[in-house]
A.B. asks: 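My structure is below; once you've seen it, I'll send some questions.
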Amino acid sequence: MATREQPADLYDVAILGGGLAGLTLALQLRKARPETSVFVAEKRPGPAPEAAFKVGESTVELSCNYFGEVVGMKDHLEHDQIHKCGLRFFFPAGDNSDLAERVELGPPLYPPVPSYQLDRGRFENEASKRVADAGADLFMGAFVDGVELGGDHHAVTIVRGGPGGERTTINARWVVDASGRAFILKRKLGLEQSNGHVVNSSWFRLAGGLDIEQWVPQDDAQWFERMKQRGWRRFSTNHLCGQGYWVWLIPLSSGPISIGIVADPRFHPWERMNTLEASLDWIREFEPQLSEALDGRADDVEDFLKIEDFSYSCKQVFSTDRWALTGEAGAFLDPFYSPGSDYIAMSNTFITDIVTRELDGEEVAKRVDAHNDLYLSAFATHLTFYEDQYVFWGNPAVMGAKITANNILYWGANALLFFHRKLTELEFMSEVRPDLERIWAVNRRLEELFRQWHAVDSREWRRGYVGVTDFPALIQRHIQLTAGFDDDALKAQLAANADLMEAVTVLIFNKAAAALGNGAPGDDVKIDPYKVSLEPDRWEADGLLGGSGLTVAEARQGPAGGLESCFADVVAQPALSPR
Ligand SMILES: Cc1cc2nc3c(=O)[nH]c(=O)nc-3n(C[C@H](O)[C@H](O)[C@H](O)COP(=O)(O)OP(=O)(O)OC[C@H]3O[C@@H](n4cnc5c(N)ncnc54)[C@H](O)[C@@H]3O)c2cc1C
């Protein structure tokens, strides 16, 4: 893959690891500043296998915009990967033996801003070719055996030809760790930081794929008519959710489907899924329709992989000492909303900004601080989506509200700023920071409210459909990603998105509070969205009611009008017998 037999002595940037993060960073650096000399060391000696390779196959809007437009692989995504039909979720109904009975949340059609399912082997093979074509030096079969951080340059030692093979040391002004869970720099620099989110996962690829629409009687017109076209659901990232777990179903362009269990061990012990046999047994118990679809297909199972307690944070990701971490070498959240590639897009964009400016002689200390802060703050905010929350993963009322609010935050903040190429504009970012802080703060309050709501209302709902497009403000946030706002319009939009989050919080609180014995406060009482809780004896001391904020009537008539379509009690039927 390398265009030269031996690496040069000196590079501008050495990237440790040529996976998703390392390869796309190499492409981005060469596009942003073509004269940058880039060295990439990847320990795998040759091309990756298709399908049964790495995990991380579902992508969402931000990373697709990055891979397509920033890195320049749109043609590959369109022709060689699967154009996906959004994220789709199914919540439990009885023993889960009838998909049509389960409350469904997902788009009725292909969302206008595209996203893709990635066959990771196929993608990385193509990215490797493009890295070489772009003039970066990618060395396959090059194991990074040591890094010495220095004054003007850092030294990176690689070994080629297996253990005991040829050792070569190169120097580079910048070193970027993209080695995934090898954590080369993170360990060396003591940057490890655990977070409170504990989840485990195991997965396998199934040759021949499968189609969840086959699980529903083909004459169930009402169920099929939710979608603009039959057959589209299987191109979504389908999530089969239940208390403490979800199962992903991701079709791959090379033919197989990726099937994975993600579970909180407080509800589903690791031993229930840490072997293929145990996983199949677990699937039989919790997802019987999937189990039936797997029956008799043992020979189609292409691999089995697993990972325990996979979420972690990081103390710092970019440094004025000219090192940086990207991808899983830094921090990793949770795959529920497929944010892994988004964080690669963001960290690579921050790194490209810092590195190219520094190479051009600019003082970048302020940028390094600002980018670290923004990256880690966004990460900490997104962590609240998951930490301690799997307890209500099977509650469609809470999850309908949660996924809606989380999508507003995603499309209305991070993704909006990324699509408009603003994350690295320090002045702009400091001007919009107060609105970002509003969004993050109200989100923290909401996530706590969701747990409280589940504790007082865990009713089962049947046959409901939350169509995503039925809540106008939500689908608008998706469409606005490509609006091409100028600076003033973008600032106004971020402020409007913070207003929307506040209004949505008031309506969700109102819905949740109805489950309390005394019901919710009236429609004309001001509710402070930053003070919501389901602890009525705290309301007065917290100043929840009658002060600042907005009333339910104002929220309904204003930005959050139509949110009702996301509530299970509006769109679904109560289960006849309790769970
Ligand atoms: C259960 C689970 C599900 C996930 N699902 C999704 C999803 O649906 N969507 C999503 O976007 N993300 C998902 N992710 C996250 C996704 O897997 C990661 O974001 C992504 O794979 C990270 O890419 P990377 O390049 O950082 O690491 P990797 O892809 O692991 O690349 C690191 C590279 O470094 C190389 N390397 C390691 N050590 C050395 C060394 N010493 N010398 C040279 N080379 C070395 C490796 O060979 C490898 O190629 C998921 C993660 C988990 C745990």
Side-chain angles (χ1 to χ4, degrees), residues 14-26 39-48 53-64 66-67 84 87 115-121 123-125 127-128 138-147 156-160 163 175-188 197 199-204 237-239 246-252 258-263 273 305-312 314 317 325-348 386:
I15 300 175
L16 319 179
L20 194 58
L23 294 169
T24 51
L25 176 62
F39 168 81
V40 186
E42 166 54 45
K43 70 176 181 184
R44 198 183 61 252
F53 183 45
K54 292 177 184 169
V55 74
E57 297 144 323
S58 163
T59 59
V60 277
E61 292 85 350
L62 191 160
S63 59
C64 292
Y66 174 71
F67 295 139
K84 84 185 228 186
L87 301 179
S115 55
Y116 304 87
Q117 311 289 18
L118 292 190
D119 182 309
R120 281 286 296 272
F123 188 88
E124 290 189 22
N125 289 338
S128 299
L138 167 61
F139 285 85
M140 302 298 291
F143 179 84
V144 175
D145 197 36
V147 180
V156 176
T157 300
I158 55 166
V159 177
R160 284 175 291 166
V175 172
V176 181
D177 187 0
S179 66
R181 286 165 195 263
F183 303 128
I184 297 175
L185 280 186
K186 194 174 175 179
R187 287 214 173 101
K188 185 179 174 70
H197 182 43
V199 263
N200 304 319
S201 180
S202 60
W203 62 93
F204 55 92
T237 296
N238 284 297
H239 301 61
W246 60 283
V247 172
W248 78 66
L249 301 171
I250 304 174
L252 301 175
S258 174
I259 300 174
I261 305 168
V262 182
M273 61 199 63
L305 294 162
K306 60 184 176 181
I307 187 162
E308 193 177 4
D309 190 9
F310 58 71
S311 181
Y312 49 84
C314 189
V317 281
L325 312 181
T326 187
E328 285 198 338
F332 181 68
L333 283 165
D334 183 297
F336 189 64
Y337 294 120
S338 318
S341 302
D342 283 0
Y343 274 83
I344 289 175
M346 289 191 284
S347 57
N348 281 358
Y386 314 108

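First listed ligand is number 1; within each ligand, the first listed atom is number 1.
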A.B. asks: Using a 4.0 Å heavy-atom cut-off, say whether I184 meets ligand 1 through its side chain, its backbone, both or neither.
C.D. replies: side chain

A.B. asks: Could you identify the single nearest non-hydrogen protein atom to atom 32 (C) of ligand 1 and state the distance to 0.1 Å?
C.D. replies: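 Residue, atom and distance for the closest contact: A178 O, 3.3 Å.
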
A.B. asks: I'd like to check whether R120 has a polar contact with ligand 1, where a contact means an N/O of the residue lying under 3.5 Å from an N/O of the ligand.
C.D. replies: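 Yes, there is a polar N/O contact under 3.5 Å.
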
A.B. asks: Which heavy atom of L333 sits nearest a heavy atom of F310, and at what distance?
C.D. replies: O-CE1, 4.4 Å

A.B. asks: Give the minimum heavy-atom separation between K54 and E57, together with the two atoms involved.
C.D. replies: O-OE2, 3.7 Å

A.B. asks: Look at atom 9 (N) of ligand 1 and find which of S58, G56, G340 reaches it with the closest heavy atom.
C.D. replies: S58

A.B. asks: Could you establish whether A142 and ligand 1 come within less than 4.0 Å of each other, counting only heavy atoms on the residue side?
C.D. replies: yes

A.B. asks: Which of the listed options, E42, K43, K54, holds the heavy atom that is closest to atom 28 (P) of ligand 1?
C.D. replies: K54

A.B. asks: Could you name the option among A41, G18, A48, S341 that has the heavy atom nearest to atom 11 (O) of ligand 1?
C.D. replies: S341

A.B. asks: Could you tell me whether the side chain of V262 reaches within less than 4.5 Å of the side chain of P335, counting heavy atoms only?
C.D. replies: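 Sidechains of V262 and P335: in contact.
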
A.B. asks: To check your reading of the model: name the closest protein heavy atom to atom 23 (O) of ligand 1, its residue, and the distance in Å.
C.D. replies: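 Heavy-atom neighbour on the protein nearest atom 23 (O) of ligand 1: I344 CD1, 3.7 Å.
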
A.B. asks: So for ligand 1, is V144 a polar contact partner (N or O within less than 3.5 Å, distance only)?
C.D. replies: yes

A.B. asks: Go through ligand 1 atom by atom and flag the ones less than 4.0 Å from a non-hydrogen atom of G327.
C.D. replies: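 Result: 26 (O).
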
A.B. asks: Counting only heavy atoms, which portion of A182 has something under 4.0 Å from ligand 1: side chain, backbone, both, or neither?
C.D. replies: side chain

A.B. asks: Which value, rounded to the nearest 0.5 Å, describes the distance between N238 atom CG and S58 atom OG?
C.D. replies: 10.0 Å

A.B. asks: What residue and heavy atom of the protein are closest to atom 17 (O) of ligand 1, and at what distance?
C.D. replies: V55 O, 2.9 Å

A.B. asks: In this structure, which one of T326, V176, L25, L325 forms a side chain to side chain contact (heavy atoms under 4.5 Å, CB included) with S347?
C.D. replies: T326

A.B. asks: Counting only nitrogen or oxygen atoms and a 3.5 angstrom limit, does A21 reach ligand 1?
C.D. replies: yes

A.B. asks: Taking the six-membered ring for Trp and the single ring otherwise, decide whether the centroids of F123 and F67 are under 6.0 Å apart.
C.D. replies: yes

A.B. asks: Do me a favour and list the nearest non-hydrogen protein atom to atom 4 (C) of ligand 1 with residue, atom name and distance?
C.D. replies: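 Result: P335 CB, 3.5 Å.
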
A.B. asks: Considering only protein heavy atoms, which is closest to atom 37 (C) of ligand 1, and at what distance to one decimal place?
C.D. replies: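 Result for atom 37 (C) of ligand 1: S179 O, 3.4 Å.
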
A.B. asks: Show me which atoms of ligand 1 lie under 4.0 Å from any heavy atom of G17.
C.D. replies: 34 (O), 35 (C), 44 (N)

A.B. asks: Could you check atom 27 (O) of ligand 1 against the protein and tell me its nearest heavy-atom contact, residue, atom and distance included?
C.D. replies: G180 CA, 3.7 Å

A.B. asks: Between W246 and F336, what is the ring plane arrangement, given parallel below 30°, perpendicular above 60°, and tilted in between?
C.D. replies: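 Taking F336 first and then W246, their aromatic rings stand perpendicular (interplane angle over 60°).
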
A.B. asks: Looking only at non-hydrogen atoms, find the nearest pair between I158 and A41 and report the distance.
C.D. replies: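 So the two residues come closest at CG2-CB, 3.9 Å.
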
A.B. asks: Need the ligand 1 atom indices (1-based, order shown) with element for anything under 4.0 Å from a heavy-atom of L20.
C.D. replies: 23 (O), 25 (O), 29 (O)

A.B. asks: At under 4.0 Å between heavy atoms, which part of S63 makes contact with ligand 1: side chain, backbone, both or neither?
C.D. replies: neither

A.B. asks: Of the protein's non-hydrogen atoms, which lies at the shortest distance from atom 18 (C) of ligand 1, and what is that distance?
C.D. replies: E328 OE2, 3.4 Å

A.B. asks: Show the nearest heavy-atom pair for residues I344 and G327, with the distance to one decimal.
C.D. replies: CG1-CA, 3.7 Å

A.B. asks: Using a 4.0 Å heavy-atom cut-off, say whether D145 meets ligand 1 through its side chain, its backbone, both or neither.
C.D. replies: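 D145 to ligand 1: no contact under 4.0 Å from either part.
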
A.B. asks: Looking at Y116, is its backbone amide N or carbonyl O close enough to the side chain of T59 to form a donor-acceptor pair, meaning the two atoms are under 3.5 Å apart?
C.D. replies: yes

A.B. asks: What protein heavy atom sits nearest atom 53 (C) of ligand 1, and how far away is it?
C.D. replies: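 Answer, as residue, atom name and distance: R181 NH2, 3.6 Å.
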
A.B. asks: Using a 4.0 Å heavy-atom threshold (strictly under), name the region of S201 that reaches ligand 1: side chain, backbone, both or neither.
C.D. replies: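 Only the side chain of S201 comes within reach of ligand 1.
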
A.B. asks: If the test is side chain to side chain contact (heavy atoms under 4.5 Å, CB included), which one of V175, I184, D145 qualifies with V156?
C.D. replies: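 Exactly one pass, corresponding to V175.
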
A.B. asks: Run the ring-ring contact (aromatic ring centres under 6.0 Å, His included) test on F183 and Y312 for me, step by step, so that the C-alpha distance in whole Å, both residues' side-chain angles and the decisive distance to 0.1 Å come before the verdict.
C.D. replies: CA-CA 12 Å; F183 303 128; Y312 49 84; 5.1 Å; yes

A.B. asks: Passes salt bridge (charged side-chain N to carboxylate O under 4.0 Å, His left out), E328 versus R181? Steps please.
C.D. replies: CA-CA 6 Å; E328 285 198 338; R181 286 165 195 263; 2.9 Å; yes

A.B. asks: Just let me know how F332 lines up against ligand 1, side chain, backbone, both or neither, with a heavy-atom cut-off below 4.0 Å.
C.D. replies: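 The part of F332 near ligand 1 is the side chain, not the backbone.
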
A.B. asks: Between atom OG of S338 and atom NE2 of H239, what is the distance when rounded to the nearest 0.5 Å?
C.D. replies: 5.5 Å

